Amino acid sequence: ELLMGKILVPLGIENPVHASVWNKLISRPLPSISIIPGTYGDVGIEARGWIPSYTDAKLRYHLYVVNGMGDNDSDNIYEQNALKRARDNNNNKAVGSQIGILPIKGLEIGCSAYFAKWDDKDKNDTFILGPHFIYDKEPVEIRSEYVFQRIENANGLNSGNADLESFYIQGAYKLSKLKLNDFLKKWEVVTRYDQIDNEDGVSSLKQGNVPAGKSEDRFSFGLIFRPQEWLQFKTEYMYRDNKNDKDDNALAAQAVVNW
């Protein structure tokens with residue numbers, strides 16, 4: 001299948017399923033808001049599909065060329081508006097891929113990769129690498145991803161390379177398979193641990209609210225109630241360990257209607 005125009009870039013496993021209908025918690029994992037731009041869409045070309053085999057194993061692939069992150073005159077990659085790319089800021093095109101191997105039903109092991117020049121003068125490189133793991137076989141779902149980004153001169157001219165690392169693991173269990181009454185069978189329990197390391201000091205890492213030279217750990221616990229297939233009620237409690245800063249926590253609720 002070949003797509004052209006504005007595409008939802010397959011960078012990381014969360015971007016294609018970021019909508020509340022599929023996202024089991026209310027918050028999104030740190031790799032998907034602090035390194036990979038949230039809901040990252042861009043203009044370009046994507047080829048995607050499946051490669052069959054003579055066994056039960058399958059190979060899923062996405063290959064793409066897009067304009068790339070960055071759309072203003074800033075010398076700092078994170079001061080650029082990575083979410084609203086109204087124009088391409090240089091002559092370079094970003095290239096990327098996502099590969100998923102499904103050795104057995106319900107299990108996927110894969111990786112995302114992204115390479116581009118991010119500045120107006122086509123001088124500074126950035127690349128993102130993100131291996132992932134998904135196990136989805138009811139009533140259990142486990143998904144995990146590690147995302148690494150290297151940014152050349154991230155904080156301005158001759159500022160040197162900066163490395164960002166972020167990781168999460170999330171598990172969910174549907175109570176529908178247990179010997180419970182009909183009301184309890186409509187619930188799902190979700191928990192997640194995610195972490196980001198900004199020790200290299202990217203000065204304007206705004207999306208994840210993680211200041212330069214700091215790291216953060218988050219622990220989340222959530223419940224999903226599905227009275228109907230098209231209706232979800234979610235609750236989430238999150239504890240944030242901000243290392244050297246004051247820790248905080250949050251409680252959120254959400255209703256999701258799907259049609």
Side-chain angles (χ1 to χ4, degrees), residues 1-3 7-32 36 39-40 46-64 96-114 128-148 166-182 184-195 220-234 236 256-259:
E1 184 179 12
L2 185 65
L3 305 178
I7 64 173
L8 190 60
V9 179
L11 179 56
I13 57 174
E14 293 303 316
N15 201 35
V17 293
H18 67 268
S20 299
V21 175
W22 301 297
N23 183 24
K24 292 184 181 293
L25 288 170
I26 299 171
S27 65
R28 298 185 64 200
L30 277 171
S32 302
I36 300 171
T39 64
Y40 178 24
E46 177 189 357
R48 66 185 185 185
W50 294 84
I51 298 177
S53 70
Y54 296 104
T55 67
D56 291 336
K58 297 180 181 180
L59 176 66
R60 176 179 62 83
Y61 70 88
H62 298 257
L63 306 171
Y64 59 89
S97 65
Q98 185 179 97
I99 304 297
I101 301 172
L102 289 76
I104 60 174
K105 185 177 180 179
L107 175 64
E108 177 177 313
I109 301 170
C111 190
S112 301
Y114 176 97
I128 299 173
L129 192 66
H132 69 261
F133 167 90
I134 302 173
Y135 177 79
D136 188 2
K137 193 171 183 179
E138 287 196 4
V140 176
E141 182 192 74
I142 301 172
R143 54 199 301 124
S144 181
E145 187 169 32
Y146 165 82
V147 178
F148 171 85
S166 190
F167 163 83
Y168 85 92
I169 183 169
Q170 176 178 295
Y173 188 87
K174 292 182 178 179
L175 303 186
S176 58
K177 300 299 182 180
L178 299 178
K179 294 181 179 180
L180 302 170
N181 61 49
D182 290 342
L184 292 177
K185 286 184 176 182
K186 295 178 180 179
W187 290 83
E188 184 173 6
V189 180
V190 188
T191 186
R192 185 180 69 216
Y193 166 74
D194 44 354
Q195 181 270 345
S220 299
F221 176 80
L223 293 171
I224 306 173
F225 176 58
R226 296 183 177 91
Q228 302 291 334
E229 291 185 1
W230 50 269
L231 180 62
Q232 300 180 45
F233 295 100
K234 300 180 186 178
E236 178 183 350
V256 180
V257 178
N258 183 33
W259 65 89

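All residue numbers in this chain count up from 1 along the given sequence. Note that this is a predicted model, so its numbers are computed, not measured.
For Lys234 (side chain) and Ser20 (main-chain N/O), a donor-acceptor pair under 3.5 Å exists by modelled atom type. Of the possible donor and acceptor atoms, none in the side chain of Ser112 sits under 3.5 Å from a partner among the backbone N and O of Pro131. Judged purely by atom type and a 3.5 angstrom limit, Ser97 has no side-chain atom pairing as donor or acceptor with the backbone of His62. Although no hydrogens or angles enter the test, the distance criterion places no donor-acceptor pair under 3.5 Å between the side chain of Asp194 and the main chain of Pro29. Remark: side-chain polar atoms of Glu46 are not paired, donor with acceptor, to backbone N or O of Val9 under 3.5 angstrom.
Side-chain contact between Leu30 and Tyr168 is absent, with no heavy atoms from C-beta onward closer than 4.5 Å. Looking only at side-chain heavy atoms (C-beta outward), Ser32 and Asn15 stay at 4.5 Å or farther from each other. Inter-residue side-chain proximity for Gln98 and Arg60 is flagged as met; some heavy-atom pair is nearer than 4.5 Å. The side-chain heavy atoms of Leu129 and Tyr146, taken from C-beta on, include no pair separated by under 4.5 Å. With a 4.5 Å cut-off on side-chain heavy atoms, Arg226 and Lys174 count as touching. Residues Val189 and Leu223 form a side-chain contact, since some pair of their non-hydrogen atoms from C-beta on lies under 4.5 Å apart.
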### Task
Evaluate the side-chain contact (heavy atoms from CB on, under 4.5 Å) criterion for residues Leu11 and Tyr64: first the C-alpha distance (whole Å), next the side-chain angles of each, then the deciding distance (0.1 Å), finally the verdict.
CA-CA 10 Å; Leu11 179 56; Tyr64 59 89; 4.1 Å; yes
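In this view, Lys186 satisfies the salt bridge (Lys or Arg N to Asp or Glu O under 4.0 Å) rule with no residue, not counting sequence neighbours. Residues meeting the side-chain contact (heavy atoms from CB on, under 4.5 Å) test with Ala47, sequence neighbours left out: Leu2. When the side-chain contact (heavy atoms from CB on, under 4.5 Å) test is applied to Leu180, the partners found at least two apart in sequence or on another chain are Leu175, Leu178, Leu184, Lys185. The salt bridge (Lys or Arg N to Asp or Glu O under 4.0 Å) search around Glu141 returns Arg143, not counting sequence neighbours. Here Lys177 pairs with Glu138, Pro139 under the side-chain contact (heavy atoms from CB on, under 4.5 Å) rule; sequence neighbours left out. Contacts of Glu236 classified as salt bridge (Lys or Arg N to Asp or Glu O under 4.0 Å), with partners at least two apart in sequence or in another chain: none. Considering only residues two or more places apart in sequence or on other chains, Glu1 meets the salt bridge (Lys or Arg N to Asp or Glu O under 4.0 Å) condition with Arg48. Every residue meeting the side-chain hydrogen bond (donor to acceptor under 3.5 Å, both in side chains) condition with His132, not counting sequence neighbours, appears here in chain and number order: Glu108. Remark: Ile104 pairs with Leu107 by the side-chain contact (heavy atoms from CB on, under 4.5 Å) rule, at least two apart or across chains. Phe225 is linked by a ring-ring contact (aromatic ring centres under 6.0 Å, His included) to Phe183, Trp187, counting only residues two or more places apart in sequence or in another chain. For Phe148, the ring-ring contact (aromatic ring centres under 6.0 Å, His included) partners two or more places apart in sequence, or in a different chain, are Phe127.
Interatomic distance, Lys58 NZ to Ile51 CD1, rounded to the nearest 0.5 Å: 13.0 Å. Note that the CZ atom of Phe233 and the CD1 atom of Ile224 stand 13.0 Å from one another [nearest 0.5 Å].
Counting all heavy atoms, side chain and backbone alike, Val190 lies closest to Ala172 at CG2-CB, 4.1 Å. For the pair Val140 and Tyr173, the tightest heavy-atom approach, listed with the atom from each and the gap, is CG2-CD1, 3.7 Å. Of all non-hydrogen atoms in Ile99 and Tyr61, the two that sit nearest each other are CD1-CB, 3.7 Å. Summarising the geometry of Pro31 relative to Val147, their closest heavy-atom pair is CB-CG2, 3.7 Å, with the distance given to 0.1 Å. The heavy-atom pair separating Ile169 from Ser144 by the smallest distance is CB-OG, 3.8 Å.
Other residues, nucleotides and ligands place no more than 12 heavy atoms under 6.0 Å from the CD1 atom of Ile101. More than 12 heavy atoms of other residues, nucleotides or ligands shown are found within 6.0 angstrom of CH2 on Trp50. Atom CG of Asp56 has 12 or fewer neighbouring heavy atoms from other residues, nucleotides or ligands inside a 6.0 Å radius.
A donor-acceptor pair shorter than 3.5 Å can be found between the side chains of Ser27 and Arg192.
Listed by first and then second residue, the salt bridge (charged side-chain N to carboxylate O under 4.0 Å, His left out) pairs involving residues 98-107 amount to none (not counting sequence neighbours).
Salt bridge status for Lys24 with Glu188: present, with a side-chain N to carboxylate O gap under 4.0 Å.
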